[in-house]
Number of protein chains: 2
Amino acid sequence: MAATAVTKQKKQQAEAGTRERLVRTASRLMQHGGYESTPVKQLVREAEATLGSLYHFFPGGKQELAVAAIGHGDGEFAQMLRAALDSDPDAARAIEATAGVLADALAASDWRDGCPVTATALESVGRLPELQEACARSFGHWQELVAAKLRASGIEEAEAADLAVTVIATLEGAEMTSQVTRSRTPLLLAGRHLSRLVGSYTPAGT
Amino acid sequence: MAATAVTKQKKQQAEAGTRERLVRTASRLMQHGGYESTPVKQLVREAEATLGSLYHFFPGGKQELAVAAIGHGDGEFAQMLRAALDSDPDAARAIEATAGVLADALAASDWRDGCPVTATALESVGRLPELQEACARSFGHWQELVAAKLRASGIEEAEAADLAVTVIATLEGAEMTSQVTRSRTPLLLAGRHLSRLVGSYTPAGT
DNA sequence: CGCTGGATAGAGCGTTCGTTCTAGTCCCTT
DNA sequence: AAGGGACTAGAACGAACGCTCTATCCAGCG
């Protein structure tokens with residue numbers, strides 16, 4: 001048991017290359033076009049892997065890889081979120097700054113790099129339960145990050161949790177609107193309004 | 001010219017059956033799974049039409065039909081939005097009521113009938129420009145409906161337009177979150193928070 | 001040194017995709 | 001009654017889909 005565990009660890013280091021490349025590429029492509037619009041062959045080509053490798057690492061095929069890709073996107077977005085939220089001690093201003101960061105990233109990618117989960121989430125509803133759950137988990141993680149920031153700014157526990165749900169939902173909706181209209185404005189407005197909303201819950205000024 | 005116009009009018013009444021059925025079915029299926037996940041054959045079957053009819057009415061094929069379907073979904077959603085916004089003279093309360101209506105409709109459809117545009121909008125970004133523009137137009141229409149309501153409640157012109165963008169974005173994001181998590185809560189929270197936000201802009205109480 | 005099993009490689013499977021095409025039906029006009 | 005255009009009908013096409021399969025490579029071990 002212990003021996004197999006060690007072996008497995010070694011193997012994972014060795015295989016990290018191809019497996020990681022597949023997951024990262026899948027995450028990026030699904031961020032752009034979602035699940036159905038991302039053919040396995042293109043995925044494998046861009047990841048510089050082969051079909052053999054894909055089905056070796058993911059016997060469950062495209063869907064299993066997609067679940068892993070959502071997990072990867074979850075982590076990446078969470079990292080960006082943490083950094084943006086830490087940029088200002090005040091929660092309201094930090095959230096406005098986050099919207100700004102999202103707007104910049106979106107514009108810099110020619111409006112391609114939206115939320116790494118949204119597109120897939122909508123496709124998965126009611127047809128790919130495992131994917132749908134992975135997406136739901138991602139939203140939960142991000143909400144928790146925001147909630148922690150709100151609590152740190154003195155907002156009461158339950159209120160913070162509720163507010164965090166709306167903050168993430170608004171950022172998601174505004175990001176989609178910015179993508180489709182090719183304009184930073186929706187995200188910047190969302191930032192401004194979320195800041196005002198959050199500010200109305202914080203006990204004191206800064 | 002006038003004669004052709006009359007002829008056309010007659011024809012449109014005659015052809016309303018099949019063409020309308022195709023558009024309505026496309027709108028419904030795309031509401032659930034988006035563009036790529038909706039095969040033409042299934043579409044034609046459920047609309048009780050045939051491929052011949054589809055390519056007769058929409059020489060541009062699936063994409064042209066999709067644009068028409070987005071337009072149809074736009075109109076349907078706008079109608080619902082108007083009704084919900086009219087349910088209360090106060091803008092803040094009306095918007096909260098709207099979120100409630102969306103939550104009820106979503107739950108009643110077993111979380112399938114989300115926004116008729118969102119899924120397609122995300123898929124269209126950067127690959128199907130005509131579809132993307134149709135989606136952007138839809139968002140614009142809905143924003144205008146909300147903006148009018150806000151202005152009617154005494155919010156200043158420019159402020160109302162900005163706020164309307166965030167209201168629609170938040171409702172979109174919350175609806176998606178509700179769909180994926182199979183829970184009314186995100187929509188209901190969005191309604192409560194939007195109400196508070198809008199209330200902070202309205203001049204007087206009620 | 002040969003053996004073994006994880007990893008790579010891609011041709012090819014059956015299926016399904018969007019679309020085209022020809023044939024046919026129906027009704028309006030003359 | 002005859003002609004013509006709008007509409008219906010679905011078989012068939014090439015391309016692309018996700019996936020399977022056999023062959024090969026190569027590092028680690030007895």
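Throughout, protein chains are lettered first and strands after them, A, B, ... in sequence-line order, and every chain is numbered starting at 1. These numbers come from a predicted model, not from an experiment.
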### Message
Rounded to whole Å, please give me the gap between CZ in A/Arg19 and C1' in C/dT8.
### Response
16 Å

### Message
What is the separation between atom CG on A/Leu54 and atom P on C/dG10, rounded to the nearest whole Å?
### Response
14 Å

### Query
For A/Gln42 and C/dG10, what is the distance between atoms CD and C1' respectively, to the nearest whole Å?
18 Å

### Query
Charged N to carboxylate O under 4.0 angstrom, B/Asp162 versus A/Arg192?
yes

### Query
Taking atom C1' of D/dC17 as reference, at what distance in whole Å does atom CG of A/Leu65 sit?
16 Å

### Query
Nearest-Å distance, CZ (B/Phe58) to P (D/dC7)?
12 Å

### Task
Identify whether the distance between the nearest side-chain nitrogen and carboxylate oxygen of B/Arg24 and B/Glu20 falls below 4.0 Å.
yes

Between the protein and nucleotides 8-12 of chain D, list the N/O to N/O atom pairs that are separated by less than 3.5 angstrom.
residue	atom	partner	partner atom	Å
D/dT8	OP1	B/Thr18	OG1	2.4
D/dT8	OP2	B/Ser53	OG	3.1
D/dG10	O6	B/Gly52	N	3.4

### Task
Check each of A/Gln31, A/Gln179, A/Glu123, A/Glu172 against A/Thr118 using the side-chain hydrogen bond (donor to acceptor under 3.5 Å, both in side chains) test, and report the only one that passes.
A/Glu172

### Message
Applying a 4.0 Å non-hydrogen cut-off, can you work out what A/Ser37 is touching in the nucleic acid: base, sugar-phosphate, or nothing?
### Response
nothing

### Task
Starting from C1' on C/dC17, measure out to OH on B/Tyr35 and report it in whole angstrom.
12 Å

### Task
Check the distance between D/dC17's P and A/Gln63's CD and give it to me in whole angstrom.
18 Å

### Task
Salt-bridge test for A/Glu156 and A/Arg151: reply yes if a basic N is under 4.0 Å from a carboxylate O, no otherwise.
no

### Query
Any idea how A/Phe77 and A/Trp142 line up, ring-wise: parallel (<30°), tilted (30 to 60°), or perpendicular (>60°)?
tilted

### Query
Within this structure, what is the CZ-to-P distance between B/Arg45 and C/dT16, rounded to whole angstrom?
11 Å

### Distance-only donor-acceptor check, side chains B/Thr185 and B/Ser183, under 3.5 Å
yes

